[in-house]
Amino acid sequence: MERDTMWDGYKVHLQHQLTGAAVHLARIDAHITQTPRARTRTSHFAALRPADLILDGAK
């Protein structure tokens, strides 16, 4: 039973490594093809800023 558990740990580790590699490849592809990045949501705290600071940029 102990060896099976150890093998499961290796499989999980391998899956994490392959997932990370896939994410990196997707980012490299987006960089090469100059795909624009998606805008992230505005947090509730950032939404409280006055409009003039948003237009001029935070300084």
Side-chain angles (χ1 to χ4, degrees):
M1 189 68 168
E2 184 176 310
R3 290 183 182 185
D4 291 338
T5 305
M6 192 167 66
W7 171 243
D8 288 340
Y10 288 135
K11 286 193 298 186
V12 170
H13 181 72
L14 179 62
Q15 184 178 10
H16 288 175
Q17 295 296 318
L18 293 175
T19 302
V23 169
H24 286 300
L25 289 173
R27 289 178 179 170
I28 290 170
D29 178 60
H31 178 74
I32 290 171
T33 60
Q34 296 180 350
T35 304
R37 296 174 65 184
R39 292 188 54 94
T40 58
R41 68 173 185 86
T42 303
S43 68
H44 294 290
F45 183 71
L48 295 175
R49 285 192 298 192
D52 59 343
L53 289 178
I54 294 173
L55 295 177
D56 295 335
K59 296 179 182 177

List, one per line, each side-chain donor-acceptor pair under 3.5 Å for residues 30-46, sequence neighbours excluded.
| unit_1 | atom_1 | unit_2 | atom_2 | d |
| --- | --- | --- | --- | --- |
| Thr33 | OG1 | Asp29 | O | 2.8 |
| Thr33 | OG1 | Thr35 | OG1 | 2.8 |
| Ser43 | OG | Ala46 | N | 3.1 |

Atom pairs and distances, side-chain donor-acceptor, residues 10-18, under 3.5 Å, sequence neighbours left out:
| unit_1 | atom_1 | unit_2 | atom_2 | d |
| --- | --- | --- | --- | --- |
| Lys11 | NZ | Asp8 | OD1 | 3.4 |

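Pairs passing the salt bridge (charged side-chain N to carboxylate O under 4.0 Å, His left out) check and including a residue from residues 13-27, sequence neighbours excluded, do not occur.
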